[in-house]
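Below: the structure, in structure tokens.
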Amino acid sequence: MDFATLIQILDSTVRLATPLLFACLAGLFSERAGIFDIGLEGKMLAAAFLSAAAAAVTGNVWLGVGAGMFASLILAGIHGLASITFRGNQLISGVAINFLASGLTVLLGQNWFGLGGRTPALTTGGRFEPITLPFADAIAPYPIIGPIYAELISGHSALVYLALAMVPASAWLLYRTRFGLRLRAVGENPAAVDTAGVSVIGIRFAAVAICGILCGLAGAYLALGLAAGFGKEMTAGRGFIALAALIFAKWRPWYALGATLLFGFLEAVGNRFPNIDLGLFTVPSQFMQALPYILTVIILAGFVGKAIPPRAGGQPYVKER
Amino acid sequence: MPKWADAVLVPLISLLIAFVISGLVILAIGEDPVAAMKLMVTGALGSTYGWGYTLYYATNFIFTGLAVSIAFQAGLFNIGGEGQASLGGLGVALACLYIPWPHWSLALAGALIAAGVFGAAWAAIPAYLQAKRGSHVVITTIMFNFIASALLVYLLVNVLRPAGSMDSASARFGEALQLPSLSDILALVGIPFNNRNPANISLIIGLFACFGVWVMMWRTRLGYQLRAFGKSEKASVYAGINPVRITMYAMLISGGLSGMMAVNTVMGEAQRLILNSVEGAGFIGIAVALMGRSHPFGVLLAALLFGFLYQGGAELALWTKIPRELIVVIQALVILFTGALDNMVRRPVEAVFIMARKGKA
């Protein structure tokens, strides 16, 4: 493999890791506040659909992003209502949200556009254009550093840089602010937060809303950045890969960056080399696709470092009387 | 609140809400919900052809519904029915392709065992990790669904596909392994039934499975232990129930039942293993188990309801502009209202009963 190919693979790694990173951070906020969320996939799918639909109709990419966040927030609201207000089973609610998104996107898409569940292909203005960072053209001719800067670092869409910026922002919010401390405490010991006079329900709803916004960005990037429009089931399990990355990252923001880059890299390699010939045997492409899930099971099994979820995760909070 | 209200009234109200919202969705896309309902009823229940498909789908959902409900009873959420059923399909295909069965009845027994063993084996690793290492069974079974789908694609494309075939599917099973159809069986007792539908003897096995699960859950020591463990892990451990053993048993039985679904689809209908032969039935098992309150009789009724929705939805897609995905929406709403938003329905009903009792006193 030559240097140019490596750069291309890493470039597509960044692209493919972006939706995973948004979704992974989304899950991080929710689960750190004690709300399990296996509905990341559904929220991403709904956001991808509505953002593509809005961008196709208005021709404005940012209106698309807003619509995507709106769709995702509605589903997040349902999840909050079920798991916080009515103290329902958070996992079942997540399953329901995934199906709701999967069904409604096709139903509405077919009704609105009549393209078999797709949205019209987006043209300029309706989707994200690559941003060329300053001096990219000037540095490009230099060896090594040129391709790295001009192709790998520069030339992505705005949401890619936003996703990367979300990592330190999330870490700061979670570990350096009062809100973050409370959010983490609500996921570990909600009764203690309640005793301190802080609303557990309020913090949890805030966390679920942040999760909704981030999933909205993940879905919008899929439809407006990675692709040019919405296609049926276009998330293709990315919500679950993000969930796997979250466990892989042990519910920490910086680790989340590493985990999503790793999973993005696996996808990029799998796309580039469908079957990897190692001489003695060939690694089938299906193995590469399954690898994130296999790695997550190994991590969950605790053979390679233990992943311990937030202690109050999955349990509705009942105020003491 | 009386027992009947808890077991029947609350699920019925939840179901009603789910259907009303589904009706609103149909209205929102500019179609007539009443006409749609009529079309679904005549399409699914108006002829023995429709009934055949309804019962064929229901058979799948009986197995996956029972699978999810057994795990629910033991306090576990087995979301991996999809993967376990795919592996069950693999078991059925291997048993049918590589063992020269002299008669379909022996092949059916062999395929059932193979499907059960493969499905249980696929549930065994998540079960072990939950029991011994405390890894959450929901996450591991989700991961195993994806691993199963990758594995099946690999095997169908590279191993099981007959040479020269472009289709990613296994070879056809022998003619001799064709299972008796429901119309064959009903003809024996003189009931005329359409023979152009895939309903087959697996339906009867499914009914036996319902009864068997009921006996196991409410008439055996193991069933008692499973339910006790599901109600309170601490109390059951105190009573001397081994949590590792119960978790393993619950998940193995659950995985085995999911796997057995494949006898209906792979051996009863397709007569070969195709890609994605499960078609989401593993997930519908969740809705069926929630709707049926994790009781075999409830599961049977809920499976029939979803069988009706599936066949009715197919008819809708055929005759109207409403896509098949409407069923996915209805399924989501049923899961949402009977599962996650259960308290939203239950609390007002409870309040009504308390008020009624106070009024009497």
Side-chain angles (χ1 to χ4, degrees), chain A residues 36 38 42 78-79 81-83 85-112 114 116-117 232 237 240-241 243-244 247 284-294 296-297 299-303 306-309 313-314, chain B residues 25-26 28-31 77 79 125-126 128-130 132-136 138-140 142-155 157-158 280 283-284 286-287 290 321-347:
Chain A
F36 279 156
I38 56 175
I78 294 176
H79 189 53
L81 191 72
S83 49
T85 311
F86 288 108
R87 294 176 204 151
N89 186 319
Q90 301 169 4
L91 300 164
I92 292 174
S93 166
V95 171
I97 283 167
N98 286 339
F99 284 126
L100 202 57
S102 159
L104 275 182
T105 47
V106 178
L107 210 62
L108 294 178
Q110 173 65 17
N111 186 239
W112 292 350
K232 192 174 164 178
F240 293 109
I241 296 213
L243 202 62
I247 296 161
S285 60
Q286 291 86 10
F287 180 76
M288 293 299 287
Q289 284 157 18
L291 200 54
Y293 306 112
I294 297 173
T296 305
V297 172
I299 284 284
L300 269 172
F303 296 122
K306 193 135 182 72
I308 302 162
Chain B
V25 171
I26 298 177
I29 60 172
E31 298 274 341
F77 188 7
I79 202 169
I125 304 168
Y128 177 82
L129 292 177
Q130 163 87 37
K132 280 278 190 188
R133 323 254 345 163
S135 333
H136 206 300
V138 169
I139 307 290
T140 43
I142 291 177
M143 301 296 139
F144 267 69
N145 281 341
F146 286 100
I147 301 172
S149 114
L151 180 70
L152 263 278
V153 173
Y154 173 75
L155 288 176
V157 172
N158 298 298
F283 292 120
I284 295 175
I286 299 168
L290 287 170
K321 279 189 195 153
I322 305 173
R324 247 196 108 108
E325 278 72 12
L326 174 70
I327 323 164
V328 182
V329 176
I330 299 180
Q331 178 191 340
L333 292 169
V334 169
I335 295 178
L336 192 65
F337 285 103
T338 58
L341 287 172
D342 187 53
N343 277 334
M344 190 177 91
V345 180
R346 183 177 301 270
R347 279 184 205 164

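What you are looking at is a predicted structure, and each value in this text was computed from that prediction instead of being measured. Order of the sequence lines sets the chain letters (A, B, ...), proteins ahead of strands, with each chain counted from 1.
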Quiz item: Given B:Val138 and A:Phe36, is the side-chain contact (heavy atoms from CB on, under 4.5 Å) satisfied, shown in steps?
Solution: CA-CA 11 Å; B:Val138 169; A:Phe36 279 156; over 6 Å; no

Could you look at [X] and say if it's the side chain, the backbone, both or neither that has a heavy atom under 4.5 Å from chain A?
| X | value |
| --- | --- |
| B:Ile29 | both |
| B:Leu336 | both |
| B:Ala148 | neither |
| B:Asn158 | side chain |
| B:Arg347 | side chain |
| B:Ile79 | side chain |
| B:Phe337 | neither |
| B:Tyr154 | both |

Quiz item: Tell me, do B:Phe146 and A:Phe240 make a side-chain contact under 4.5 Å, heavy atoms counted?
Solution: yes

Tell me which donor-acceptor pairs under 3.5 Å the side chains of residues 93-102 of chain A have, and how far apart each pair is, sequence neighbours excluded?
residue: A:Ser93; atom: OG; partner: A:His79; partner atom: ND1; Å: 2.8
residue: A:Asn98; atom: OD1; partner: A:Gly42; partner atom: N; Å: 2.8
residue: A:Asn98; atom: ND2; partner: A:Ile38; partner atom: O; Å: 2.8
residue: A:Ser102; atom: OG; partner: A:Glu233; partner atom: OE2; Å: 2.7

Self-check item: Over all atoms of both residues, closest heavy-atom pair of B:Met143 and A:Ala244
Solution: CE-CB, 3.8 Å

Quiz item: How far apart are the closest heavy atoms of A:Asn111 and B:Ala28, and which atoms are they?
Solution: OD1-O, 4.2 Å

Quick one: pull up [atom1] in [X] and [atom2] in [Y] and give me the separation to the nearest 0.5 Å.
| X | Y | atom1 | atom2 | value |
| --- | --- | --- | --- | --- |
| B:Lys321 | A:Leu107 | NZ | CG | 13.5 Å |
| A:Leu81 | B:Leu341 | CG | CG | 6.0 Å |
| A:Gln289 | B:Ser149 | CD | OG | 8.0 Å |
| A:Asn89 | B:Leu290 | CG | CG | 8.5 Å |
| B:Glu325 | A:Gln110 | CD | CD | 9.0 Å |

Side chains of residues 327-335 of chain B: which donor-acceptor pairs under 3.5 Å do they make with residues two or more places apart or in other chains?
none

Quiz prompt | Residue part contacting chain B, namely of A:Ile241, when any heavy atom lies under 4.5 Å | solution = neither

Quiz prompt | Region of A:Ser83 that comes under 4.5 Å of a non-hydrogen atom in chain B | solution = neither

Quiz item: Taking every heavy-atom pair that is under 4.5 Å apart, which of B:Ile125, B:Val153, B:Leu151, B:Thr140 has the most such pairs with chain A?
Solution: B:Val153

